[in-house]
Every structure is written in C-alpha cells, then in structure tokens.
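Quick notes on the structure that follows.
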Amino acid sequence: MQILTQLIFSGIALGMIYAVIAFGYQLTFATSDTLNFGQGDALMLGALVGLTLVTLGVNYWLMIPLVCLFGAVQGAVVERIGVRPAIKIKSEFGWIMSTIALGIIFKNVAENVWGRDDLKFPSPLPEAPIKFLNANVLPMEILVVVGAILMMLAVELFNRRSIYGKAVVATFNDRDAAKLMGINTGLVITFSYALSSLTAAFAGVLIAPLTLTGATMGAVLGLKAFAVAIIGGLTSGMGIILGGIILGIAETTTGFYLSTGYKDVPGLVLLLIVLAVRPAGLFGKTAIKKV
C-alpha cells in the first residue's frame, strides 16, 4: 500500500506536467483551430535556457520569469512563421507541417548549442524525500503539482478578468463575430501561441530537476501531452487536468507492477478507445457547425 501511494503521488506529478503542456494545445486550438506540434520542443528549449541561466549564477526563482519570457517570444515566432501563412491561405495541413518542421529545427539548434548528451539540472529544493501518508515524496514533485496548478489558474484568471483575456475568450467563442466587433483576431492568435509556449517553457524548468535535460527530452513529453489533450478533450480545461493525472498514474503503476517497457501502453490504449468511442474527449464538447 505504501508503494502504491508513492506511485500515485509520482503519477500525479508527472500527469500535471502533461496537463500543463496539453493546456498549451488547448490555448491555440481555442483561438485558431490549430495546434503547435512543437510544444515538446518549447519545453525542451525552456529547460535548456533555464539550465544555462542557472549555470551562469542566476537564482532558480529569478530564472523562471526569464524563461517564461523566452518561451513567449519563441511561441510568437512559431505563429508568425509557421501558422499565420497557413491560416491566410486556409490550408488545412500547412500549419501541421510548419510546426513540426520548426520543432525539428529547434531540436537541431539545441543539439549544436548544448550538445547531444543529457545534462543534470540542479534542484532548487532538497533532494531528500518527505514522508507523506507513509510514502516518500520528493519536494520537487510537490513543487511541480503546485506550480502547474498555479500556472493554469493564472491563465484562467487572466482570461476571465482582463480585457485582453476577454478578447481571447471572444475569439474562442466565434472568431468571425469577434473580428466584426473590432477585435484583432490575428494578434489574439499570436498571443495564444506565445502563451502556449510560455506554459511549455515553464513546465520545462519544473520537470528538469526531476529528470535529465537534453535536446531530445521534449519529443516524448509533447506527444504524451497531445494524448492527454485528446483523452481529456481539447475544449475542457478540467478534462485536460484529469486526463493528465490518469495517464501519469497509469504510467507509474504499469512501469512498476508490469515492466517499464510497457508503461506507455495504457495511455495509448486509452487514447485509441477514446478516439473510437468519444472523439471529442472524455470531457470535451462536440462542436456543431451551422452551414
């Protein structure tokens, strides 16, 4: 029972990272019906830039806003170069290939700048586990859960209370109507991509102390976060959180009780089932378009 409790705590921490990255998918899908398939690479760049800043002597807590700013700029560049041209010509697949291509470019740049070897990211908190409900929990795992929840709450509060956030919500509800009301929907889409990559970069510096940091770390995390977004529903914030927790716990328990070679199987099986039975996701809403 003690081991199971520990696996659940580790799964929740892992699942919250997936949820933060998947939250970025939701942000871009809500405003432009597009997805940034380079989300994992935004996480990877955030972790590596954060590692560089910490190595140069910048305090971990001061490094976080700098990395978030870097992530926002990187996301805006992706939208301007890879997504906006495809939206202008109404290409259904152009943005897919563009975001994938940019992700590959970012990965190659990272390999040339930081090398191909995985690097150790120093933890800002003690690495000795804490006893909680008879389980050993790392302080960094607690920070991951708290940080992920605070980030998503901050974005939700921004969308509900600020004038710019209301423009994002209006574009989400009806892009054409928002444009007729004078909202610069192009700028809103750029902002959503910037915010999406910001959340991914933030997730990168959260998870980096728990794992090794390298140019390849974002590929698997980005793919699993996409699975979480599909399982939970791209239109449901709560669904994404629950989907992340489900996938995280499934991975940790499967890896321990069966084999680490099978830890990816439950999530992928669940993804296939959801796509077959409920394509909008477990908590998502099916969009009805009037023609």
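Counting begins at 1 with the first residue of the sequence. Computed from heavy atoms alone, side chains included, the values below leave out hydrogens, waters and symmetry copies.
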Would you give the length of the straight line joining atom [atom1] of [X] to atom [atom2] of [Y], rounded to the nearest 0.5 angstrom?
X    : Y    : atom1 : atom2 : result
L150 : L157 : CG    : CG    : 11.5 Å
I8   : T252 : CD1   : OG1   : 8.0 Å
I21  : I17  : CD1   : CD1   : 6.5 Å
F9   : I249 : CZ    : CD1   : 10.0 Å
F106 : M44  : CZ    : CE    : 8.5 Å
K263 : L14  : NZ    : CG    : 7.5 Å

If only atom types and distance count, is the side chain of [X] paired as donor or acceptor with the main-chain N or O of [Y] below 3.5 Å?
X    : Y    : result
Y60  : G50  : no
S197 : A194 : no
R84  : I189 : no
T254 : E251 : no
T99  : I96  : yes

Item checked: Partner set under side chain to side chain contact (heavy atoms under 4.5 Å, CB included) for L125, not counting sequence neighbours ->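 Testing L125 for side chain to side chain contact (heavy atoms under 4.5 Å, CB included), a comparison that skips the adjacent residues, returns W61, S123, P139, M140, L143.
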Margin query: Suppose we screen for side chain to side chain contact (heavy atoms under 4.5 Å, CB included). Which residues come up paired with L270, at least two apart in sequence or across chains?
Written below: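 Scan of L270 (side chain to side chain contact (heavy atoms under 4.5 Å, CB included), adjacent residues dropped) gives I231, I246, V274.
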Item checked: Hydrophobic cluster (4.5 angstrom, side-chain heavy atoms) - remaining members for V265 ->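 Members other than V265 - counting any ILVMFWY side chain reachable under 4.5 Å - are Y262, V269, I273, V277.
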Check: With clusters built from Ile, Leu, Val, Met, Phe, Trp and Tyr whose side-chain heavy atoms come within less than 4.5 Å, directly or transitively, what are the remaining members of the cluster of L187, listed by chain and number?
Finding: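 L187 clusters with nothing; isolated.
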Margin query: Quick one, V188 with S192, criterion side-chain contact (heavy atoms from CB on, under 4.5 Å). Give me CA distance, side-chain angles, the key distance, then yes/no.
Written below: CA-CA 6 Å; V188 169; S192 69; 5.5 Å; no
Next item on the list: Return each pair, listed once, that meets ring pair (Phe, Tyr, Trp, His ring centres under 6.0 Å) where at least one residue sits in residues 203-233; pairs must be two or more places apart or across chains.
Entry: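 The answer is Y25-F226, F37-F226.
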Side chain to side chain, [X] and [Y], heavy atoms closer than 4.5 Å:
X    : Y    : result
M151 : L198 : yes
F202 : I64  : yes
T34  : F29  : no
Y257 : L7   : yes
L35  : W95  : yes
Y193 : S32  : yes
Q6   : V137 : no

Say whether [X] and [Y] are linked into one hydrophobic cluster, either directly or through other cluster members, by side-chain heavy-atom distances under 4.5 angstrom.
X    : Y    : value
L69  : V49  : no
L234 : L275 : yes
I230 : M238 : yes
V78  : M97  : no
I149 : V20  : yes

Item checked: Trace of the side-chain contact (heavy atoms from CB on, under 4.5 Å) decision for T52 with V113 -> CA-CA 11 Å; T52 300; V113 174; over 6 Å; no
Note to self: Before you tell me yes or no, could you show the steps for M217 and L43 under side-chain contact (heavy atoms from CB on, under 4.5 Å), namely the whole-Å CA-CA distance, both residues' side-chain angles and the distance that decides it to 0.1 Å?
What the structure shows: CA-CA 8 Å; M217 68 179 292; L43 176 143; 3.8 Å; yes
Heavy-atom closest contact ([X] atom, [Y] atom, distance):
X    : Y    : value
G46  : V67  : O-CG1, 3.6 Å
G94  : A86  : C-CB, 3.9 Å
G214 : D118 : CA-OD1, 3.7 Å
A47  : F121 : O-CE1, 3.5 Å
V54  : P122 : CG1-CG, 3.6 Å
A200 : Q39  : CB-O, 3.7 Å

Next item on the list: Give a yes or no on this: more than 12 heavy atoms of other residues, nucleotides or ligands lie within 6.0 Å of atom NZ of K131.
Entry: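 Check passes, neighbour count above 12.
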Item checked: Contacts of type ring pair (Phe, Tyr, Trp, His ring centres under 6.0 Å), residue F158, not counting sequence neighbours ->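 In terms of ring pair (Phe, Tyr, Trp, His ring centres under 6.0 Å), with neighbours along the sequence ignored, F158 is linked to F191.
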Margin query: What verdict does the side-chain contact (heavy atoms from CB on, under 4.5 Å) test give for L138 and E127, after you've listed the backbone C-alpha separation in whole Å, the side-chain angles of each residue and the deciding distance to 0.1 Å?
Written below: CA-CA 7 Å; L138 293 174; E127 297 187 6; 5.6 Å; no
